[in-house]
Protein chains: 2
Amino acid sequence: MAGGTILLVEDEKNLRKLIKTYLEREMINVMEAADGREALELWDTDKYDLVILDVMLPEYDGWTVCKRIRRDSYVPIIMLTARGEEEDKLFGFDLGVDDYVTKPFSVKELVARVKALLKRSNHQLLTEVIEVGDLKIDKKMHQAFLDGKPIDLTPKEYDLLLVFLHNQNQALTREIILDNVWGYDYYGDLRTVDTHVKRLMKKLKRMGKQIITVRGLGYRFEVTN
Amino acid sequence: MAGGTILLVEDEKNLRKLIKTYLEREMINVMEAADGREALELWDTDKYDLVILDVMLPEYDGWTVCKRIRRDSYVPIIMLTARGEEEDKLFGFDLGVDDYVTKPFSVKELVARVKALLKRSNHQLLTEVIEVGDLKIDKKMHQAFLDGKPIDLTPKEYDLLLVFLHNQNQALTREIILDNVWGYDYYGDLRTVDTHVKRLMKKLKRMGKQIITVRGLGYRFEVTN
DNA sequence: ATATAATGACACAAAATCGTCACATTTTTG
DNA sequence: CAAAAATGTGACGATTTTGTGTCATTATAT
């Protein structure tokens with residue numbers, strides 16, 4: 001696969017260039033930002049498949065940037081931290097940071113992790129069939145099934161269901177749903193989400209109960225493992 | 001936070017430099033203040049991940065500085081006290097001091113405590129799942145559990161519980177709770193906090209007993225480690 | 001071109017949540 | 001001990017949030 005595009009946010013120029021070089025050897029496009037502000041500007045203007053974020057940054061620190069990005073998207077994020085403590089990594093799965101790399105690190109290792117994450121998310125996106133209970137969605141066919149029988153979903157309903165299935169058990173705000181189903185540039189009533197959720201729930205019959213409203217926030221597709 | 005930045009307030013220059021040296025070996029940034037006034041000036045102009053405060057200070061004493069800082073933030077605070085000030089200690093816990101170190105102390109020990117606190121506060125904010133006894137809160141799901149069963153919390157109750165769990169064993173004033181749950185701009189009756197605490201306590205069943213009222217101050221979520 | 005389906009927005013209904021108050025209870029103070 | 005202060009508590013109206021049906025508009029299929 002042609003590696004996709006990465007947003008690399010690191011203020012130390014030498015390190016940034018080094019990482020960039022290594023990544024480009026893997027056929028991965030790299031956009032560079034030297035501080036938090038620049039990072040967010042780039043983020044707002046283009047789409048990325050992964051973000052590498054130094055924690056210590058001028059302008060806005062890495063956490064701030066991370067939080068901001070997470071408002072829009074679940075793009076994989078790798079954090080570069082300077083503290084050399086194992087335990088920090090243990091609790092790595094925080095606001096949705098996907099991986100941590102502690103400085104000093106080998107660039108090779110970083111690249112390996114990038115590739116792993118890209119593959120994972122690609123894989124996730126390319127997985128053809130997702131099954132939850134008696135609900136199945138076949139992306140290649142672009143068709144959902146309940147108890148093996150096809151459900152007739154409109155395009156929006158289908159996309160909405162896909163977003164839910166890609167983010168199981170995760171509370172999703174109406175904004176995020178809107179961004180993911182209608183696109184980032186769409187400018188519309190948030191409550192439209194409600195209407196479509198309602199329609200989807202109805203068509204999903206008993207599986208519609210899996211869509212939980214999270215009051216004051218949005219919705220969540222709940223699966224009991 | 002890569003190493004983090006600390007505000008070190010100590011009037012004895014030699015001791016201050018010594019502590020600074022040790023901390024910097026751990027990749028921790030240190031800003032120095034020699035008296036209370038300077039401390040507050042630095043506090044107002046920059047962000048810190050932790051504060052070390054000598055109790056006995058020129059200009060403003062440590063308690064005054066502490067109180068002032070607590071008006072703005074829950075940043076971890078370590079107090080340096082002279083031996084035999086038991087009353088001061090009690091007083092201090094109400095002010096939300098996170099740790100005490102009694103002079104004379106080994107700088108090594110102080111550094112260890114600093115690292116412990118930094119680690120704790122970092123994790124608390126970023127950890128996805130917080131567990132205390134049989135109580136669990138999953139931020140990604142936006143859902144609390146008791147004995148593995150979901151608890152139905154209203155948005156305010158949820159936020160309130162989150163504030164308590166992020167500040168375990170720390171007495172929180174109603175003002176601070178109001179600021180954190182309702183937002184800094186909110187104008188309302190302080191007693192509203194009481195009502196919501198009551199409701200939360202009820203829903204938390206036996207774990208509600210962990211919320212202790214601190215008379216004349218506010219509340220504290222107590223956890224026995 | 002016409003019929004059919006999908007969409008997005010809205011208004012109103014329903015439900016949940018909120019904030020405040022009055023009064024009860026507890027603790028502190030003098 | 002009585003008075004004062006602080007906190008606990010239940011209730012209720014106001015407000016906010018969400019559910020739902022409908023409708024005009026747009027897109028799609030025949």
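Quick caveat, the model's predicted, so the values are computed rather than measured. Throughout, a chain's letter reflects where its sequence line sits, starting with A, and its residues are numbered from 1. Just so you know, these numbers use all the heavy atoms, side chains as well, and skip hydrogens, waters and symmetry mates.
With rounding to whole Å, A:Arg174 atom CZ is found 14 Å from C:dA9 atom P. Between the P atom of C:dT26 and the CG atom of B:Asp194 lies a distance of 16 Å, rounded to the nearest Å. Across the protein-nucleic acid pair, B:Leu190 atom CG and C:dC21 atom C1' stand 15 Å apart, rounded to whole Å. Per the geometry, NE2 belonging to B:His196 stands 17 Å off P belonging to D:dA11, to the nearest Å. Summarising the geometry, the separation between CG on B:Asp152 and P on C:dA16 is reported as 9 Å, rounded to the nearest angstrom. Rounded to whole Å, the distance from NZ on B:Lys156 to C1' on C:dT20 is 15 Å. Atom CD in A:Glu157 sits about 13 Å away from atom P in C:dA5, given to the nearest Å. Across the protein-nucleic acid pair, A:Asp189 atom CG and C:dT7 atom C1' stand 13 Å apart, rounded to whole Å.
Rounding to the nearest 0.5 Å gives a distance of 10.5 Å between CG of A:Leu178 and CG of A:Leu160.
Partners of A:Tyr219 by side chain to side chain donor-acceptor pair (under 3.5 Å), not counting sequence neighbours, listed by chain and number: A:Asp194.
Sorted by residue number, the members of residues 198-221 of chain A with any non-hydrogen atom under 4.0 Å from DNA chain C read A:Arg199, A:Arg215.
Using a 4.0 Å cut-off, no side-chain N or O of A:Trp182 falls inside it from OP1 or OP2 of C:dT7. The side chain of B:Thr154 places an N or O atom within less than 4.0 Å of a non-bridging phosphate oxygen (OP1 or OP2) of C:dC18.
In summary, A:Arg215 and B:Asp152 do not engage in a salt bridge, as defined by a charged side-chain N under 4.0 Å from a carboxylate O.
For the residue pair A:Asp189/A:Thr192, the side-chain donor-acceptor check at 3.5 Å is not satisfied.
Taking a 6.0 Å sphere around OH of A:Tyr187, one finds it holds 12 or fewer heavy atoms contributed by other residues, nucleotides or ligands.
Heavy-atom nearest nucleotides on DNA chain C were determined for A:Thr192 and for A:Leu153, and the one closer to the 5' end corresponds to A:Leu153.
Backbone-only engagement by B:Tyr186 is indicated by non-hydrogen atom pairs under 4.0 Å involving sugar-phosphate atoms exclusively.
Side chain of B:Glu41 to backbone of B:Glu38: no donor-acceptor contact under 3.5 angstrom is found.
Looking at B:Asn167 and B:Val163, their side chains come closer than 4.5 Å, going by heavy atoms from C-beta outward.
The one candidate from B:Ile6, B:Leu110, B:Leu53 that meets the side-chain contact (heavy atoms from CB on, under 4.5 Å) condition with B:Ile78 is B:Leu110.
For the helix from C:dA1-D:dT30 to C:dG30-D:dC1, the axis fitted to the five pairs at one end and the axis fitted to the five pairs at the other end meet at an angle of 30° (nearest 10 degrees).
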Start with the C-alpha gap between A:Glu131 and A:Lys136, add the side-chain angles, then the distance that decides, and say whether salt bridge (charged side-chain N to carboxylate O under 4.0 Å, His left out) holds.
CA-CA 4 Å; A:Glu131 267 191 276; A:Lys136 193 175 78 174; 5.7 Å; no
